[in-house]
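No experiment lies behind these values; they were computed from the predicted model shown.
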Amino acid sequence: LEDYYNKKPYTGQKYVIFNYEAINKLNLFIGKFKYRKITVIVDEVHNFTADNKRKNELIELANITNSKDIILLSGTPIKSSTLELIPYLELIDPKFTPVVKNRFQKIYGSPNNILKRCTPIRYGMMSTRIEKSELNLEPVEYKTITVNLPDGNLYTLKHIKEEMIKYIDIRSKEIEENTWKYKNVYNQLLEKVKFSSRLPDMTWIEYQNDFELVCEYYIKRQLMFHGDLIKRVNDFEKAIILSGLQGDEKKQFKEAAVCLKYPMLKIRGEVLGIIVLGNRIKCHKEMAKVLDYSRLDSTAAKGIVMTSYIEIADAVVEKLKKQKYNPATIYGDNTKQSSKTISDFIEKEDINPLVGTYKSVSTGLHLVVANMMILLDLPFRTYMLDQAIARVHRMGQDKQVIVLYTVLDTGEEYNINSRNIDILKWSKEAIEEITGHMVKGLDFEKGRALDLGIDDDAGLESEYPFDITDSRSYKVWLW
């Protein structure tokens, strides 16, 4: 396709290769393929699962070419939800109309046990799985690195629970005592937008009735049954009210509206972000500072250090330099020079290891120059871990791949680091349930390499100081 844009004539080439950004430009010369039988092959198709412009352009391409053969390629087609099948069905099944799509979303949004059994059958009919064993690679060798911190007790679940209780108590009282202020701010800004708006009065009356209903259902603990109502209120606020406000007024209105609609849900969000996620990052950052990276010298090839967060990656790089290593980095602003960084890492012997985040390194890179991977923390989804390891455990690798995972030692007390395994177990089981295929290479059972000695029934839900909804996302984050 690049040759075509550079004014080189199309002379009947059998293959036309293009990137995602060029899909919308294909119609400029799609007429050159008249009367030809066209096959569309899409690599890394999981990048099209979002309902966005890119996906719509791909569907339009399939329609314009009238292609009967559409091959979708992905190492991680399903991440956690049955609804991720929708874009694939839209592409390959002409009977998957908008009406059918709407029904599918309603049925499989919360599937019952019968539908859960049907899903892997339907998925199996539309897919072919190529096992990694066909590459004749040695299985990945998983090992753990035990880390001790002088203040490791700060990251035990017991201590974090105490922090959560304290935060919830203080924040609940703050919101309750300032409810009158939130009402004043909300009403003042609402009237300001109404005054300058050309919308009929009935539209505003309907919005305010909906707003009051949300508040009422929150008090009755019935919000989970009224998702459409919540979406309608939030969409109106975003499209009409916030667009009519300026600067800090937007922030003030959002704060006031949320505190009036569902204060405890706001507090839960703050607890998860500030206390749980904050401690998770801080814990692994401290582990990165004390970890001895000399084990990278135990292999003839190079190494890669992976984490989920930039702050932790910064701590890794600082410690590596103290140990006289010369690391390459791909995360944050450094991703802009990723091509040069990767080339230097592969070609220059003195550069080792490569430090990156799962987001920046887990896809699209061929890194068989390395055979050791150190994971400072685990991502929240199995597919991200699988993709990351596949950077080194792939065709062309001629050495034993070793994956090391750090474990914080707090004795008998569970800690926020050890709960990473539980999150991945949930993700692994969700994918297996949807696809009907075992997720191999990620073994979390007792007695295996990545087992941390956590009993299956050692759940935390009952330990938390507030009720948990039926949403799986809440359960996962609270772990």
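- The side-chain hydrogen bond (donor to acceptor under 3.5 Å, both in side chains) search around Lys321 returns none, not counting sequence neighbours.
- Residue Asp235 places its CG atom among more than 12 non-hydrogen atoms of other residues, nucleotides or ligands, all under 6.0 Å distant.
- In this structure, Ser172 OG and Glu177 CD are separated by 10.5 Å, a value rounded to the nearest 0.5 Å.
- Counting non-hydrogen atoms of neighbouring residues, nucleotides and ligands closer than 6.0 angstrom, the CG atom of Asp201 reaches no more than 12 such neighbours.
- Between atom CE of residue Met224 and atom NE2 of residue His226 there is a gap of 9.5 Å, rounded to the nearest 0.5 Å.
- Between the side chain of Thr406 and the backbone N or O of Leu376, at least one donor-acceptor pair lies under 3.5 Å.
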For residues 311-319, which side-chain donor-acceptor pairs fall under 3.5 Å, sequence neighbours excluded?
from, atom 1, to, atom 2, distance (Å)
Asp314, OD1, Tyr331, OH, 2.7
Lys319, NZ, Lys289, O, 3.1
Lys319, NZ, Leu291, O, 2.8

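- Legend: residues meeting salt bridge (charged side-chain N to carboxylate O under 4.0 Å, His left out) with Asp169, ordered by chain and number and at least two apart, are Lys173.
- One side chain, Ser308 or Asp377, offers a donor N or O that lies under 3.5 Å from an acceptor on the other.
- One finds no salt bridge joining Glu163 and Lys166 here, because no Lys/Arg side-chain nitrogen approaches an Asp/Glu carboxylate oxygen to under 4.0 Å.
- In this structure, the side chain of Arg391 engages the main chain of Gln387 through a donor-acceptor pair within 3.5 Å.
- Met384 contributes atom CE, which lies 11.0 Å from atom CG of Leu378 (distance to the nearest 0.5 angstrom).
- Val193 pairs by the side chain to side chain contact (heavy atoms under 4.5 Å, CB included) definition with Trp204, Ile241, Leu245, not counting sequence neighbours.
- Asp43 is linked by a salt bridge (charged side-chain N to carboxylate O under 4.0 Å, His left out) to nothing, counting only residues two or more places apart in sequence or in another chain.
- Proximity of a side-chain donor or acceptor of Ser197 to a complementary backbone N or O of Lys194 within less than 3.5 Å is not detected.
- In this structure, Asp248 has no salt bridge (charged side-chain N to carboxylate O under 4.0 Å, His left out) partners at least two apart in sequence or on a different chain.
- Legend: residues meeting side chain to side chain contact (heavy atoms under 4.5 Å, CB included) with Ala257, ordered by chain and number and at least two apart, are Tyr186, Phe211, Glu237, Phe253, Lys261.
- Partners of Lys181 by side chain to side chain contact (heavy atoms under 4.5 Å, CB included), not counting sequence neighbours, listed by chain and number: Asn178.
- Annotation: the span from Ile330 atom CD1 to Ser338 atom OG amounts to 5.5 Å, rounded to 0.5 Å.
- Taken to the nearest 0.5 Å, the OG atom of Ser360 stands 6.5 Å off from the CE atom of Met306.
- No donor-acceptor pair closer than 3.5 Å links the side chain of Tyr309 to the backbone N or O of Lys285.
- Thr410 meets the side-chain hydrogen bond (donor to acceptor under 3.5 Å, both in side chains) test with Asn415; sequence neighbours excluded.
- With Tyr325 contributing its side chain and Tyr293 its backbone, the two residues share a donor-acceptor pair below 3.5 Å.
- Atom CD1 of Ile145 sits about 4.5 Å away from atom CG of Leu404, to the nearest 0.5 Å.
- Checked against side-chain hydrogen bond (donor to acceptor under 3.5 Å, both in side chains), Lys322 has no partners two or more places apart in sequence or in another chain.
- Listed by chain and number, the residues in a side chain to side chain contact (heavy atoms under 4.5 Å, CB included) with Asn102 are Gln105, Lys106 (sequence neighbours excluded).
- Here Glu270 pairs with Arg171, Lys266 under the salt bridge (charged side-chain N to carboxylate O under 4.0 Å, His left out) rule; sequence neighbours left out.
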